[in-house]
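Note that the structure is a prediction, hence the values are computed from the model and not measured. Heavy-atom basis, side chains included; hydrogens, waters and symmetry copies ignored. For the single chain, residues carry numbers from 1 onward in sequence order.
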Amino acid sequence: MSMCKWLRTAFVLMLAGRASCQFGLVSLQQAENGAQAAEAKVRAVARPQQLRIAYLHDPDRQAAVNRAGRNYWNVYLREILDQLGLRAEQVLPEVLQDAKRLARFATLLIGDAPDLPISARANLDRWLRDGGTLISFATEGVYDLCGNRHLGTVRQPGDEFTCAATFALQSHALTRAIHSPLQPEQRLLIFSPVQKVQPAQSVELARLYDQNGQDTGCAAVTARELSKGRAFYFAFSVPQTIWVLHQGRPVDRDYDGDGRLRSSDAIVIRPHSIEVAYADEILFLLQNLIGTQPHPFLHQLPPTPPSEQGEQRAGEIPDALFHWGGDDEGSADGIQLFASNWMKERGLPYHINAMPRKDGTFGLSVADAQKIRANGHEISLHYNFVDGFEGAAAFTRDDVLAQAAAFRRHFGTDFTCSVNHHTRWTGWAEPAKWMREAGGKADNTMVHAGSPPLNPVNLLGFSFGTSFPFWFYDDGRGGNQKLDFLEMPITAYECGYIGKKQADFATVRKVIDLASHYHLTMNMFHHPIYITDYPPCRAAIEEGLRYIRTQNIRALHMGNDELYRWWKARSETRVDSVTVEGKELSFEVESSHAAGVIVKVPLGRRTAKAVTINGVPSTLGFKNEQRFGQNWALMATPSGQNRLKVVVE
């Protein structure tokens, strides 16, 4: 059986073969659906009810932790919610002691909350019984509330960037089809202290294993139904775990021993498989838990724009997004224009990073750059911290500013998404701050696989835990501030061929299957030199396009700069005034993205019968689709301010 056939078969088996489970120890049955509570919410509410979501943040505690020079990991809940496409309200700990204020919210996420008062726990208990959804991340003081026995704490064996334990999702409706079929035996990773808990009045969603792979007899994730509400408990800090996966550890020395400071030194998942998107799988689980109420999410993918080539019409809902780019390595022999012309002939976007040589000049001529832009393609900066940088020497802020200035002098334009030659990196968030100061807006340097080899071609990898873009955050010395600078991790690097003579189409099909199943933004990294000089590289790209057509995959293609513009607009999109009344869910969406956005709503076993936008039946893309064990209504929404109404049956 081919890898792609096996992959598709595995997806089907995962959807069909999960054992049915009873959710909690009470009456709600979860055998067929991981989110019947969402169905019940839409069905049962007779009068209008606001559906709001909040997350707890303690600024005083953050300030104290930051003053000590440490990261306040709970801050990253903001980024997690942004990746999920949820618009949540930040609330102070005092809200837990005010029953009326707490009652305004349908769902609450809590991380670090030590010394939780008895009155707050009593309010949470009543709020849950009245229908609230609580999601806790290693929170002390809510063990009983979440139906668990607390047995102690497991500390990280080294610093805050070391793996403390692993966990495996259990067979349950809420975990359905989440874990990767590429590496089904690979457990997920925890980068935080762990609370050892055992279910007492809860159901185990994930089992906890120690560093040596031994079963601890404890749960990593639990679920409890309490009257009308639900309490979910993660035994570890999801914010710390995902933040560490995304940004890695500080590159303060040559961890992989390849002689240079590179983004590969930041990778924390070694020796585990690179083919598992560890952070994304936690996101998908969290999405299912939050989705036990019909909160509107912003899809990670935009609708098909009016200018999109091919048979897709504007406003359609794509299955996957592929963003194409590569580095010119300072070449002066015209390979950039050849590659651009070839990609244009196939209707593909392309993003070329032009590298300055040691003397500050560029191989790409201004004339060729103009022709490449005329093809509708993008040109940006390929920072060169290799030539003239001896050994593992780190680069500096001045180096970044100087090369950015050289790019502007030569090409007469600004740039958006850059890449560092040999994926060089230093420190933690410092390069992101320097590159933002230099005028850049995004980076594509976080490498898919560790070093050696120096150039790990024909590999699909999620060494930073995700396929999706994420915003950088500063360290504790900088107050853990969100930086206006985006990372687009490398994932599919020169996939589909080996050298100048050998094709490997199974790998490119694997990439496409995975992206379309999980609805990923997938980086298709191809250097101009390989497109120009390697026939198997061109054949692999053409095979990918053929495979997309024959599998009827709705694919959206763009360059890195365009992906930045989409993700920036998505992060700034407003979703509010969410109201449930009878079988109707209504909400407002305001977005500046030219093609609009896609909103997805979890509906349990029910489906959306109709969607109206500003009182008019929607003429854009709208469909019901099963994802991770429940039905979702997906609806394309135009740019601007709109009021949507979803009628459920």
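Remark: D256 engages R270 in a salt bridge (charged side-chain N to carboxylate O under 4.0 Å, His left out) (not counting sequence neighbours). Shown here are the salt bridge (charged side-chain N to carboxylate O under 4.0 Å, His left out) partners of E562, two or more places apart in sequence or in another chain: R565. Among residues two or more places apart in sequence or in another chain, the side chain to side chain contact (heavy atoms under 4.5 Å, CB included) test is passed with A515 by A320, F322, L520, M522. Evaluation of the side chain to side chain contact (heavy atoms under 4.5 Å, CB included) rule for A442 yields C417, L486, M488, Y564 as partners, not counting sequence neighbours. Residues that satisfy the side-chain hydrogen bond (donor to acceptor under 3.5 Å, both in side chains) test with R70, not counting sequence neighbours, are absent from this structure.
Every pair passing salt bridge (charged side-chain N to carboxylate O under 4.0 Å, His left out) that includes a residue from residues 466-482 is listed here, sequence neighbours excluded: E430-R477, K433-D474, D475-R477.
Considering all non-hydrogen atoms of both residues, V511 and M524 come closest at CG1-SD, 3.9 Å. Looking at every heavy atom in both residues, L174 comes nearest to I178 through O-CD1, 3.8 Å. Nearest heavy-atom pair, R87 versus I53, reported as atom, atom and distance to 0.1 Å: O-CG2, 3.5 Å. The two residues T521 and P469 make their nearest non-hydrogen contact at OG1-CD, 3.4 Å. Scanning both residues, V599 and P296, for their nearest heavy atoms gives CG1-CB, 3.8 Å. P294 and V601 get closest at one heavy-atom pair: O-CG1, 3.8 Å.
Judged by the 6.0 Å and 45° rule, R249 forms a cation-pi pair with Y255. Taking the centre and axis of the six-membered ring of F485, the NZ or CZ atom of R436 falls outside the cone set by 45° and 6.0 Å.
Using cut-offs of 30° and 60° for the angle between ring planes, the F407 and F411 rings count as tilted. Between Y76 and H246, the two ring planes are perpendicular [angle over 60°; tilted spans 30° to 60°]. Between W324 and H526, the ring-plane angle classifies as parallel under the 30° and 60° cut-offs. Relative ring orientation between F472 and W425 is described as parallel, the plane-to-plane angle staying below 30° on a 0-90° scale split at 30° and 60°. Using the six-membered ring where Trp is involved, F385 and F395 have ring planes that are parallel, under 30° apart on the 30 and 60° scheme. The aromatic rings of W73 and W243 lie perpendicular to each other, with more than 60° between the two planes, well past the 30° mark.
Side-chain N/O atoms of Q293 and T133 include a donor and acceptor closer than 3.5 Å. Judged purely by distance below 3.5 Å, without hydrogens or angles, the side chains of R408 and T413 never pair a donor atom with an acceptor atom. In the model, H272 has no side-chain atom that pairs as donor or acceptor with a side-chain atom of Q183 under 3.5 Å. Residues H421 and N384 bring no donor and acceptor atom of their side chains to less than 3.5 Å of each other.
If you take CG on D265 and CG on D252, they are separated by 9.0 Å, rounding to the nearest 0.5 Å. The CG atom of D254 lies 10.0 Å from the CZ atom of R260; values are rounded to the nearest 0.5 Å. Interatomic distance, OH of Y493 versus OG1 of T423, reported as 8.5 Å (0.5 Å rounding).
Proximity of the aromatic rings of F167 and F236 is defined here by a centroid distance below 6.0 angstrom, and this criterion is met.
Using a 4.5 Å heavy-atom threshold, the side chains of D443 and Y383 count as separate. Looking only at side-chain heavy atoms (C-beta outward), D112 and D58 stay at 4.5 Å or farther from each other. You'll find the side chain of T241 stays beyond 4.5 Å of the side chain of L188, heavy atoms only.
Remark: of the listed residues R554, H519, H517, R554 is the sole one forming a side chain to side chain donor-acceptor pair (under 3.5 Å) with D319.
Salt-bridge formation is not detected for the pair D576/R52: no Lys NZ or Arg NE/NH1/NH2 atom is positioned less than 4.0 Å from an Asp or Glu carboxylate oxygen.
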